[in-house]
Amino acid sequence: MSRPEEMPKEAGFPAPAGIYHLDANDPRQELVDRSRFSDADVQQISDLMAALGRLRDAEQRLTDASLRYMKLNQSDMRALHYLIVCANHGAIATPGAIAAHLNISTASTTKLLDRLERAGHVTRDAHPSDRRALAIAITPETHEAAMRTVGKQQARRFLAAARLTPEERGVVMRFLDDMAQEIEVADEVWAATPG
């Protein structure tokens, strides 16, 4: 069985080169000038891109399984994760804080909280120090279910990082931060244009 990043031979592309290889995505060097890189560098960088692709694929499978298990959508899961972190730190979550964290409107947040409350995942109570606000909390049952399943699986990332030396972790962090900065679309006009 081929790895997910490989192209099936039926597609007319040699499978070993893979879908993430630079030659597969930029054969005419319109995006990346490779003149200063050796063939070995291009291959190793392409292999690194394939490894990132496998990580994204694994994350997506975990996300999909989590959503199916919890019977929730992505915004719901992100809200529950935020509520778990708040509970772990003794912080009071409010609808406004949830809206800011998810970058959604207050109306969307109200619908999200209605949905989660109906399903028994959250409670809404009076805020202890702000009469105008509500305190939102994850229910103990949902917290336990999330920690026992999705949380436990997500925590395995720590083990992968722990197997690296401190120096290797520094290199990986610099690489990931650099890559995140390179692909940030905040200033790109085409990314802000409504579809």
Side-chain angles (χ1 to χ4, degrees), residues 2-7 16-26 29-67 69-70 72-93 96-104 138 143-192:
S2 67
R3 295 189 305 197
E5 75 273 6
E6 292 178 347
M7 294 287 292
I19 196 166
Y20 295 110
H21 197 285
L22 193 53
D23 288 337
N25 292 284
D26 188 25
Q29 299 189 35
E30 298 171 72
L31 303 173
V32 177
D33 176 9
R34 300 192 286 282
S35 61
R36 68 178 199 257
F37 301 107
S38 70
D39 289 345
D41 285 337
V42 170
Q43 183 59 53
Q44 188 176 38
I45 293 167
S46 294
D47 291 344
L48 179 57
M49 295 302 111
L52 286 171
R54 290 189 298 276
L55 174 60
R56 281 191 306 271
D57 291 344
E59 288 175 326
Q60 189 61 55
R61 286 189 299 275
L62 177 56
T63 296
D64 293 346
S66 303
L67 297 175
Y69 175 76
M70 299 292 287
L72 299 169
N73 67 39
Q74 282 197 325
S75 291
D76 296 343
M77 288 294 286
R78 289 182 60 218
L80 291 179
H81 180 228
Y82 178 76
L83 292 172
I84 287 171
V85 171
C86 287
N88 288 344
H89 291 276
I92 297 171
I98 293 168
H101 175 70
L102 298 177
N103 195 27
I104 60 176
I138 190 168
H143 189 163
E144 169 61 26
M147 294 297 286
R148 189 174 14 93
T149 57
V150 181
K152 189 174 184 179
Q153 198 73 19
Q154 289 279 11
R156 291 182 178 174
R157 294 171 191 246
F158 181 89
L159 301 175
R163 287 189 284 272
L164 299 175
T165 66
E167 294 78 19
E168 289 170 329
R169 285 193 281 277
V171 169
V172 171
M173 285 186 289
R174 279 195 313 276
F175 165 69
L176 293 175
D177 287 341
D178 188 36
M179 182 169 278
Q181 187 174 357
E182 286 290 342
I183 66 170
E184 183 57 58
V185 296
D187 296 331
E188 299 295 335
V189 175
W190 62 263

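Both backbone and side-chain heavy atoms feed into the values below; hydrogens, waters and symmetry mates do not.
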If you look only at distance, which donor and acceptor atoms sit under 3.5 Å apart when one is on a side chain in residues 171-186 and the other is two or more places apart or in another chain?
from, atom 1, to, atom 2, distance (Å)
Glu184, OE2, Ala186, N, 3.4

Rounded distance [0.5 Å steps], CG in Asp57 versus CG in Leu52
11.0 Å
Scan for salt bridge (Lys or Arg N to Asp or Glu O under 4.0 Å) pairs involving residues 144-165, sequence neighbours excluded, and state none if there are none.
Glu59-Arg157, Glu144-Arg148
Considering all heavy atoms of both residues, which atom of Gln29 and which atom of Ser35 are nearest to each other, and what is their separation?
OE1-N, 4.1 Å
Of all the heavy-atom pairs spanning Asp23 and Arg34, show the shortest one and how long it is.
OD1-NH2, 3.0 Å
Rounded distance (nearest 0.5 Å) linking atom OG of Ser66 with atom CD of Gln153:
8.0 Å
So which pairs with a foot in residues 80-89 pass salt bridge (Lys or Arg N to Asp or Glu O under 4.0 Å), sequence neighbours left out?
none
Looking only at heavy atoms, what is the nearest atom pair of Met70 and Ala146, with distance?
CE-CB, 4.3 Å
For Asn103, side chain to side chain contact (heavy atoms under 4.5 Å, CB included) partners two or more places apart
none
Working to the nearest 0.5 Å, report the span between OG of Ser46 and CG of Asp41.
10.5 Å
Using the side chain to side chain contact (heavy atoms under 4.5 Å, CB included) rule, take Leu83 and Ile98 through it: C-alpha gap first, then chi angles, then the decisive distance, then the call.
CA-CA 8 Å; Leu83 292 172; Ile98 293 168; 4.0 Å; yes
CE-CG distance between Met147 and Asn88, expressed to the nearest 0.5 angstrom
6.0 Å
Donor-acceptor contacts, no H, no angles, side chain residues 73-82, under 3.5 Å, sequence neighbours left out:
from, atom 1, to, atom 2, distance (Å)
Asn73, OD1, Ser75, N, 3.0
Asn73, OD1, Asp76, N, 2.8
Asp76, OD1, Arg115, NE, 3.4
Asp76, OD1, Arg115, NH2, 2.8
Asp76, OD2, Asn73, N, 3.4
Asp76, OD2, Arg115, NE, 3.2
Arg78, NH2, His101, O, 3.4

Residue list, side-chain hydrogen bond (donor to acceptor under 3.5 Å, both in side chains) with Asp64, at least two apart or on another chain:
Gln60
What closest approach, in Å, do Val32 and Asp26 show between heavy atoms, and which atom pair accounts for it?
N-OD2, 2.8 Å
Ala91 backbone acceptor or donor facing His89 side chain under 3.5 Å:
no
Rounded distance [0.5 Å steps], CD1 in Ile84 versus NE2 in His143
4.5 Å
Regarding Gln43 and Asp39, is there a side-chain donor-to-acceptor distance under 3.5 Å anywhere?
no
